[in-house]
There are 2 protein chains.
Amino acid sequence: MKIGELAKQVGFTVETIRYYEKEGLLHPALRDPANNYRRYDHSHLERLIFIRRCRTLAMTHEEIQVLLQARVQPNASCETINELIDEHIHHVQARIAELQILETQLIELRGQCRAAHTTRDCGILRELDHPTEELTEPAVVHSHVPGSQCRGGQHK
Amino acid sequence: MKIGELAKQVGFTVETIRYYEKEGLLHPALRDPANNYRRYDHSHLERLIFIRRCRTLAMTHEEIQVLLQARVQPNASCETINELIDEHIHHVQARIAELQILETQLIELRGQCRAAHTTRDCGILRELDHPTEELTEPAVVHSHVPGSQCRGGQHK
DNA sequence: CTTGACCCTAAAGCAGCTTCAGGGTGTTTA
DNA sequence: TAAACACCCTGAAGCTGCTTTAGGGTCAAG
Ligand SMILES: [Zn+2]
Ligand SMILES: [Zn+2]
Ligand SMILES: [Zn+2]
Ligand SMILES: [Zn+2]
């Protein structure tokens with residue numbers, strides 16, 4: 001099948017699939033000699049489904065590579081896999097903890113302004129200007145899983 | 001004061017401060033005509049402290065710009081500020097919710113392998129290969145606050 | 001007068017894509 | 001038969017918020 005159909009089947013865009021090939025996550029497809037189009041078979045599809053599931057679980061390409069390796073070594077011990085998943089769970093839990101601290105701080109900050117008034121008298125700005133507690137220290141350390149930063153608003 | 005001292009006072013690196021100037025978060029500093037070094041005064045310091053607090057709270061530069069604007073318009077209503085903070089709290093809460101779903105899924109996945117054996121028989125790989133439930137759907141939608149993805153391990 | 005600490009700029013790198021620019025292929029339809 | 005349209009290709013740049021690198025000037029102390 002051609003890349004467009006593959007994309008539809010697995011739920012990636014064609015660009016993403018080409019990107020994965022370039023990154024080495026997906027084996028290069030055979031090319032149709034007539035037009036140089038990529039041709040995919042069932043093994044590509046299975047591999048992409050696997051990758052998609054891993055990405056859905058927020059693994060890095062590096063982590064996924066390890067799992068893909070293990071997948072083609074059926075006689076090896078699965079200890080590596082277990083460790084990887086365990087570590088990854090820690091990554092996610094660490095990020096959750098960071099974000100929960102953030103949430104608390106933000107809600108407290110929000111509480112500094114109840115009624116609408118001029119910015120001059122806004123408790124929020126005041127708080128941001130003169131951090132009261134030493135919450136100046138980064139609640140968000142750079143743990144392995146990002147997600148502390150707030151990205152540009154693409155929600156309409 | 002020079003950039004190095006300012007950096008020490010506010011806890012940014014000099015590179016970050018120069019970067020903020022280039023991005024328009026921080027007003028360009030006056031330059032010492034003799035050597036072209038940047039010279040900072042107290043207002044720069046205050047502004048940087050404000051920015052630092054906002055970054056600690058995981059706001060984007062865009063969000064911070066809005067707050068900085070409000071800060072220099074003392075007679076405007078602080079409604080904008082309240083809305084911004086409220087929205088930002090939602091960003092964080094949404095990301096926490098996503099990560100908690102992730103956590104649940106990962107722990108369930110981990111439960112597929114109890115004893116160590118060969119990868120051929122590993123329940124984890126099996127599960128990743130053939131997603132049982134339709135958890136194939138992205139638990140991690142791209143909400144405004146990132147943090148679903150797991151970045152390359154820089155923890156030693 | 002050299003060492004070391006500090007300052008400068010411009011460009012590239014990070015993760016994981018997405019978007020763009022510029023062009024070929026292939027089927028359908030007016 | 002030609003235009004329209006959907007699909008394919010490549011390579012490079014853009015996104016976020018910095019950090020790192022390369023390559024160089026400035027200045028105080030020893
Ligand atoms: Zn991880
Ligand atoms: Zn207010
Ligand atoms: Zn936000
Ligand atoms: Zn196992």
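Quick caveat, the model's predicted, so the values are computed rather than measured. Order of the sequence lines fixes the chain letters, A, B, ..., with proteins taken first and strands second; residue numbering starts at 1 for each chain. As a basis for the values below, the full set of heavy atoms in this structure was taken, side chains included, without hydrogen atoms, waters or symmetry mates.
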A/Thr16 side-chain N/O to C/dT18 phosphate OP1/OP2 under 4.0 Å: yes
Separation of C/dC7 C1' from B/Leu6 CG (nearest whole Å): 14 Å
B/Val14 side chain near B/Arg38 side chain, heavy-atom distance below 4.5 Å: no
Presence of B/Tyr20 side-chain N/O under 4.0 Å of D/dG17 phosphate oxygens OP1/OP2: no
Salt bridge flag under 4.0 Å for residues A/Glu98 and A/Arg95: yes
Under 3.5 Å: donor-acceptor pair, side chain of A/Asp41, backbone of A/His44: yes
Degree of bending in the helix from C/dC1-D/dG30 to C/dA30-D/dT1 once both end axes are built from five pairs, to 10°: 40°
Main-chain N/O of B/Asp121 paired with B/Arg126 side-chain donor or acceptor, under 3.5 Å: yes
A/Asp32 bridged to A/Lys2 by N-O distance under 4.0 Å: no
Distance in angstrom units between A/Ile17 CD1 and D/dC7 P, rounded: 14 Å
Short side-chain N/O contact to D/dC9 OP1/OP2 from A/Arg38, under 4.0 Å: yes
Sugar-phosphate only, base, or nothing, as touched by A/Phe12 at under 4.0 Å among non-hydrogen atoms: nothing
Nearest-neighbour nucleotide for the A/Ile3 side chain, C/dC7, D/dC9, C/dT18 considered: D/dC9
Sugar-phosphate only, base, or nothing, as touched by B/Arg31 at under 4.0 Å among non-hydrogen atoms: sugar-phosphate
Touch class at under 4.0 angstrom, heavy-atom based, for B/Arg18 against every strand present: base
Sequence-aligned protein contact record of nucleotides 22-28 of chain C, with B where the base is within under 4.0 Å of a protein heavy atom and S where only the sugar-phosphate is: --BBS--
D/dT16 phosphate, OP1 or OP2, under 4.0 Å from B/Arg55 side-chain N/O: no
Backbone N/O of A/His130 and side chain of B/Arg53: donor-acceptor pair under 3.5 Å: no
Polar contact flag, side-chain donor to acceptor under 3.5 angstrom, B/His61-B/Gln65: no
